[in-house]
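Encoded as structure tokens, the structure appears first; notes follow it.
Proteins get letters first, then strands, A, B, ... in listed order; numbering begins at 1 in each. Every heavy atom of this structure was used, including side-chain atoms; hydrogens, water molecules and symmetry mates were not.
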Amino acid sequence: MLRPFLFYTVYIRYFSNKIINDKMIRKTVANVTEALAGVQNGMTFMLGGFGLCGIPENAISELVRLGVKDITCISNNAGVDDFGLGLLLHQHQIKKMVSSYVGENDEFERQMLSGELEVELTPQGTLAEKCRAAQAGFPAFYTPAGYGTEVAEGKEVREFNGKMYILEEAFRADFSFVKAWKGDAAGNLIFKGTARNFNPCMCGAATITVAEVEELVPEGELDPNQIHIPGIFVQRIFQGKDYEKRIEQRTVRQK
Amino acid sequence: MLDKNGIAKRIAQEVENGYYVNLGIGIPTLVANYVRNDISVEFQSENGILGMGPFPVDGEEDADLINAGKQTITALPGASYFDSATSFAMIRGKHVELTILGAMEVAENGDIANWKIPGKMVKGMGGAMDLVASAENIIVAMMHTNRAGESKLLKRCSLPLTGVGCVKKIVTNLAVLEVTEDGFLLLERAPGVSVEEIKAATEGKLIVKGEVMEMKV
């Protein structure tokens, strides 16, 4: 009866409370510079956010500071002229944008029309699913979005139950930069309001996922029932700072 | 003839009790203002909220709470937030009952174009292609003609398509029309607008059957 004996030994050794704490995988890095270690020219990055809501402000600032060039950015939008990804466009660091909507940005339009910037427009639901597919290990999926339009050009078309679908491939990226409201050392994340958007879909969808959070709390402070993204999808997490959280269209009503 | 609010008011009559509704940017956003008070409706915004409420009162704006048009909004009791993939699962999975969106052109076969004018305007399709490809019930809200006075209801779309054969109903400043196998069926006239005026403003095939009622708005 050697096997059961060994099993219990292992069980006691690894699953007693004290040892569990020691076995926690920690993802915390000291700052944004450490978080972005390994970022190079020519890489492909995913960046969370919808408009300027929930964008990884610290990571974008660091990319500007590092001056990495010829990068491909997968992001629903391209920021505005002087904020968000607009800062990287201004420095001519972006070679290619993959987005669903790129209004609100004059410099973007100028670079696109002059041919300096390559742009791949993708339906928003397809963009989200290409992230989730990468996260979930699917190489591709069929979607009806874009069938019969120029989005479908060059893509496989297939009929299911009398409806036409096109084959879309999962994204492949080197880094995902996401922003969450709260996070802990294990990399667990909680998002706030509509700042959630593409951020959860991009976690674990690139080789390295970097999460910046408004509030980094000690392990055990987040209720496991409330976690949106488990830490397994995150490689590095850091306490973000100086969030501007700019509002694009401040719209109010009278009391 | 209706103004933009009139179009929104007429479309609001199409919203039924228990509907989950996605509103596009522009005239569709105004529809929320005219939905009857005695029915329960939840508005979905594809950036990740169900149960979207009105704009916040001055001073209560939250940068983390916006709609798809990037405007600050509020959340009603019972609202929920979710990620973009889940949002489009609601749309693609046909869980959203009604989609109301704007258009640059609609063709008599139900094709719609609203995302690109080659060489002039390329802002992107946003969520429109996903919405039109999946929604069972799509209403287009738009002016009947463009600024140059040319019809936006065509035999075939001239602009790059957003979706094929998907539009069911169109509400314009002049009329309510249904897309049928034979063309645009005229259902209602806007107050003070004649069938002849609608015919003149419609390039695609217009079907007129008997007396056409005037809209009640």
Side-chain angles (χ1 to χ4, degrees), chain A residues 48 50-54 76-77 99-104 109 112-113 119 121-129 131-133 135 143-151 163-165 181 191-201 228-229 243-255, chain B residues 25 45-49 52 54-75 79 81-92 111 113 115-116 118-134 160-166:
Chain A
F50 186 99
L52 299 178
C53 184
N76 189 55
N77 311 91
S99 305
S100 86
Y101 190 81
V102 293
E104 6 274 357
E109 203 165 344
M112 179 169 63
L113 293 172
V119 179
L121 290 168
T122 304
Q124 198 177 124
T126 300
L127 188 80
E129 203 60 25
C131 297
R132 185 158 73 173
Q135 176 192 63
T143 176
Y147 170 73
T149 76
E150 59 185 61
V151 166
K163 191 174 164 87
M164 302 306 287
Y165 295 80
W181 179 32
F191 302 88
K192 182 165 170 269
T194 56
R196 193 183 313 190
N197 55 63
F198 284 82
N199 285 298
C201 316
H228 295 139
I229 282 291
Y243 284 106
E244 196 176 321
K245 296 186 37 167
R246 210 186 276 190
I247 294 174
E248 255 175 278
Q249 308 282 342
R250 186 180 300 273
T251 318
V252 296
R253 70 189 145 105
Q254 297 307 311
K255 252 180 195 163
Chain B
I25 297 163
S45 193
E46 64 266 26
N47 58 313
I49 177 173
M52 177 170 47
F55 298 134
V57 293
D58 201 356
E60 287 177 16
E61 317 89 275
D62 180 354
D64 291 328
L65 191 45
I66 62 168
N67 63 17
K70 284 101 178 176
Q71 296 169 310
T72 44
I73 52 161
T74 55
Y81 303 121
F82 36 84
D83 66 74
S84 302
T86 305
S87 178
F88 282 91
M90 294 175 189
I91 291 164
R92 214 184 294 106
D111 289 358
W115 74 284
K116 185 179 185 181
K120 261 193 190 167
M121 185 224 71
V122 187
K123 289 187 186 298
M125 66 292 281
M129 283 194 181
D130 308 88
L131 282 159
V132 301
S134 297
L161 295 180
T162 307
V164 293
C166 48

Among B:S87, B:P54, B:G119, B:G163, who wins on heavy-atom pairs under 4.5 Å with chain A?
-> B:P54
Pick one of side chain, backbone, both or neither for A:N199, based on which atoms fall under 4.5 Å of a heavy atom in chain B.
-> neither
Is the closest basic N to carboxylate O distance between B:D62 and A:K192 below 4.0 Å?
-> yes
One option among A:G103, A:P123, A:G48 has the most heavy-atom pairs under 4.5 Å with chain B, and it is A:P123
So what's closer than 4.5 Å to chain A heavy atoms on B:N67: side chain, backbone, both or neither?
-> backbone
Count the heavy-atom pairs under 4.5 Å between each of B:A113, B:G59, B:A133, B:A128 and chain A, then report the option with the highest count.
-> B:A133
When the 4.5 angstrom heavy-atom criterion is applied to A:T122 and chain B, the contacting part is backbone
Interface moiety of B:T162 toward chain A, non-hydrogen atoms closer than 4.5 Å | backbone
If we only count heavy atoms from C-beta on, is the B:R92 to A:P144 side-chain gap below 4.5 Å?
-> yes
Is the backbone of B:L161 close enough, under 3.5 Å, to the side chain of B:D111 for a donor and an acceptor to pair up by distance?
-> no
For the candidates A:S100, A:A145, A:G54, which exhibits the highest count of non-hydrogen atom pairs separated by less than 4.5 Å from chain B?
-> A:S100
Walk me through it: do B:V122 and A:L121 pass the test side-chain contact (heavy atoms from CB on, under 4.5 Å)?
-> CA-CA 9 Å; B:V122 187; A:L121 290 168; 3.5 Å; yes
Would B:K116 and A:T149 satisfy side-chain contact (heavy atoms from CB on, under 4.5 Å), going step by step from the backbone distance to the final call?
-> CA-CA 11 Å; B:K116 185 179 185 181; A:T149 76; over 6 Å; no
When you look at A:R132 and B:F88, which way does the side-chain contact (heavy atoms from CB on, under 4.5 Å) test go after all the steps?
-> CA-CA 12 Å; A:R132 185 158 73 173; B:F88 282 91; over 6 Å; no
Can you check whether A:R196's main-chain N or O pairs, donor with acceptor, with B:D83's side chain at less than 3.5 Å?
-> no
Pick one of side chain, backbone, both or neither for B:F55, based on which atoms fall under 4.5 Å of a heavy atom in chain A.
-> both
Flag, side chain of A:Q135 to backbone of A:P200, donor-acceptor distance under 3.5 Å | yes
Top contributor to chain A contacts, counting heavy-atom pairs under 4.5 Å, from B:K70, B:E61, B:E60 = B:K70
Do you know which of A:G51, A:G125, A:S99, A:A128 has the most heavy-atom pairs with chain B at a distance under 4.5 angstrom?
-> A:G125
Measuring heavy-atom distances to chain B, does A:M112 have an atom under 4.5 Å in its side chain, in its backbone, in both, or in neither?
-> side chain
Show the numbers, then the answer: is there a side-chain contact (heavy atoms from CB on, under 4.5 Å) between B:E46 and B:D130?
-> CA-CA 10 Å; B:E46 64 266 26; B:D130 308 88; over 6 Å; no
Using non-hydrogen atoms and a 4.5 Å limit, figure out which bit of B:A68 sits close to chain A: side chain, backbone, both or neither.
-> both
Would you mind checking which part of A:V119 comes under 4.5 Å of any heavy atom in chain B, side chain (CB onward), backbone (N, CA, C, O), both or neither?
-> neither
Using non-hydrogen atoms and a 4.5 Å limit, figure out which bit of B:I66 sits close to chain A: side chain, backbone, both or neither.
-> both
Between A:N76 and A:F198, is there a donor-acceptor pair closer than 3.5 Å when you use the side chain of the first and the backbone of the second?
-> no
Pick one of side chain, backbone, both or neither for A:R253, based on which atoms fall under 4.5 Å of a heavy atom in chain B.
-> both
